[in-house]
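Worksheet: one structure, shown below.
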Amino acid sequence: MLRLLLMSDTHLPKRAEELPAPLLAELPRADVVIHAGDWVDVATLDLLESRSRRLIGVYGNNDGPELRARLPEVALAELDGLRLGVVHETGAAAGRERRCAARFPDLDVLVFGHSHIPWDTTAPTGLRLLNPGSPTDRRRQPHCTYMTALADGGRLTDVALHRLPPRHREALSADSRDGA
């Protein structure tokens with residue numbers, strides 16, 4: 001059994017100065033860390049490589065030449081019998097399951113990013129699609145997020161979406177809107 005930590009769209013240092021402490025605290029517990037692109041800075045890749053037992057990552061549309069030189073567009077791995085793929089973009093939400101099942105017919109799970117919107121669905125073929133959202137840039141979502149899961153004997157179990165508390169900057173902005 002392998003414990004997985006899933007994240008995407010960290011956009012450092014543009015959207016946050018650093019990865020959130022609760023996410024960093026998960027790193028030593030994870031057997032495999034998965035990042036679905038839009039790192040933006042090489043320092044985040046270096047940090048996750050140095051603190052992860054195993055890192056699986058891809059580049060996203062906001063990642064420059066340095067990151068693209070070190071990361072693939074699509075990553076494939078077998079984790080305790082689970083056939084996993086990672087990609088940044090999957091296109092529009094409408095028809096996503098059908099498109100991804102056709103593009104990745106041999107996978108059990110596809111982790112993707114780009115939208116910053118948490119996603120957990122299963123295609124009719126059985127392909128599970130997961131987007132962990134973003135731990136640093138919630139956009140129009142109520143919370144910044146990441147996911148954890150277990151790969152166990154070819155199955156994905158215990159998928160959990162973790163909501164992060166507002167960052168100091170977000171809390172100050174909310175206080176000013178509330179008149180505090």
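Keep in mind it's a predicted model, so treat the numbers as computed, not measured.
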same_hphob_cluster(Val40, Leu67) at 4.5 Å side-chain heavy-atom cutoff: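 Unlinked, Val40 and Leu67 end up in two clusters.
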Same cluster for Trp119 and Val87 if Ile/Leu/Val/Met/Phe/Trp/Tyr side chains link at under 4.5 Å?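 Cluster IDs for Trp119 and Val87 match.
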Donor-acceptor pair, [X] side chain versus [Y] backbone, under 3.5 Å?
{"X": "Arg139", "Y": "His116", "result": "no"}
{"X": "Arg54", "Y": "Ala30", "result": "no"}
{"X": "Arg68", "Y": "Gly60", "result": "yes"}
{"X": "Arg138", "Y": "Leu164", "result": "no"}
{"X": "Ser50", "Y": "Leu47", "result": "yes"}
{"X": "Asp80", "Y": "Gly153", "result": "yes"}

Evaluate the side-chain hydrogen bond (donor to acceptor under 3.5 Å, both in side chains) criterion for residues Asn131 and Ser115: first the C-alpha distance (whole Å), next the side-chain angles of each, then the deciding distance (0.1 Å), finally the verdict. CA-CA 8 Å; Asn131 184 328; Ser115 69; 3.2 Å; yes
What closest approach, in Å, do [X] and [Y] show between heavy atoms, and which atom pair accounts for it?
{"X": "Ser8", "Y": "Ala36", "value": "OG-O, 3.2 Å"}
{"X": "Met7", "Y": "Val33", "value": "CE-CG1, 3.8 Å"}
{"X": "Leu24", "Y": "Arg51", "value": "CD2-NH1, 3.9 Å"}
{"X": "Pro72", "Y": "Gly57", "value": "CD-O, 3.3 Å"}
{"X": "Thr10", "Y": "Thr136", "value": "O-OG1, 2.5 Å"}
{"X": "Phe112", "Y": "Pro132", "value": "O-CD, 3.4 Å"}

Hey, could you give me the [atom1]/[atom2] distance between [X] and [Y], rounded to the nearest 0.5 Å?
{"X": "Leu71", "Y": "Asp63", "atom1": "CG", "atom2": "CG", "answer": "7.0 Å"}
{"X": "Arg83", "Y": "Phe104", "atom1": "CZ", "atom2": "CZ", "answer": "13.5 Å"}
{"X": "Leu23", "Y": "Glu18", "atom1": "CG", "atom2": "CD", "answer": "11.0 Å"}
{"X": "Leu129", "Y": "Thr121", "atom1": "CG", "atom2": "OG1", "answer": "4.5 Å"}
{"X": "Leu12", "Y": "Glu17", "atom1": "CG", "atom2": "CD", "answer": "9.5 Å"}

Could you walk me through whether Arg128 and Asp120 pass the salt bridge (Lys or Arg N to Asp or Glu O under 4.0 Å) check? CA-CA 7 Å; Arg128 181 102 175 246; Asp120 184 354; 2.6 Å; yes
Whichever hydrophobic residues join Val111 through chains of side-chain contacts under 4.5 Å: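 Val111 shares its hydrophobic cluster with Leu2, Leu4, Leu6, Val32, Ile34, Ile56, Val58, Leu79, Leu82, Leu84, Val86, Val109, Leu130, Met147, Leu156, Val159, Leu161.
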Do [X] and [Y] pair up side chain to side chain, a donor and an acceptor below 3.5 Å, judged on atom types alone?
{"X": "Asp38", "Y": "His114", "answer": "no"}
{"X": "Asp137", "Y": "Ser134", "answer": "no"}
{"X": "Arg163", "Y": "Thr145", "answer": "no"}

Asp9 side chain near Arg15 side chain, heavy-atom distance below 4.5 Å: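 Answer no - side chains too far apart.
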Min side-chain heavy-atom separation Pro105-Thr125 under 4.5 Å: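 Counting from C-beta outward, Pro105 and Thr125 never come under 4.5 Å.
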Test log, rule side-chain contact (heavy atoms from CB on, under 4.5 Å), inputs Arg103 and Val74: CA-CA 11 Å; Arg103 183 176 174 195; Val74 176; 3.6 Å; yes
Would [X] and [Y] pass as an ion pair if we require N to O under 4.0 Å?
{"X": "Asp31", "Y": "Arg53", "value": "yes"}
{"X": "Glu26", "Y": "Arg3", "value": "yes"}
{"X": "Arg70", "Y": "Asp46", "value": "yes"}

Does CD belonging to Gln141 count more than 12 external heavy atoms closer than 6.0 Å?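 Count over threshold, so yes.
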Heavy-atom neighbours of Glu49 CD exceed 12 at 6.0 Å: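 Atom CD in Glu49 is packed in, count exceeds 12.
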Determine which pairs satisfy salt bridge (Lys or Arg N to Asp or Glu O under 4.0 Å) with at least one residue from residues 142-158, sequence neighbours left out, and list them in order.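 Salt bridge (Lys or Arg N to Asp or Glu O under 4.0 Å) check on residues 142-158 returns no pairs.
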Decide if the gap between the ring center of His35 and the ring center of His88 is smaller than 6.0 angstrom.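 His35 vs His88: aromatic centres not under 6.0 Å.
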With sequence neighbours left out, what residues match Tyr146 under ring-ring contact (aromatic ring centres under 6.0 Å, His included)?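 So Tyr146 forms a ring-ring contact (aromatic ring centres under 6.0 Å, His included) with His162.
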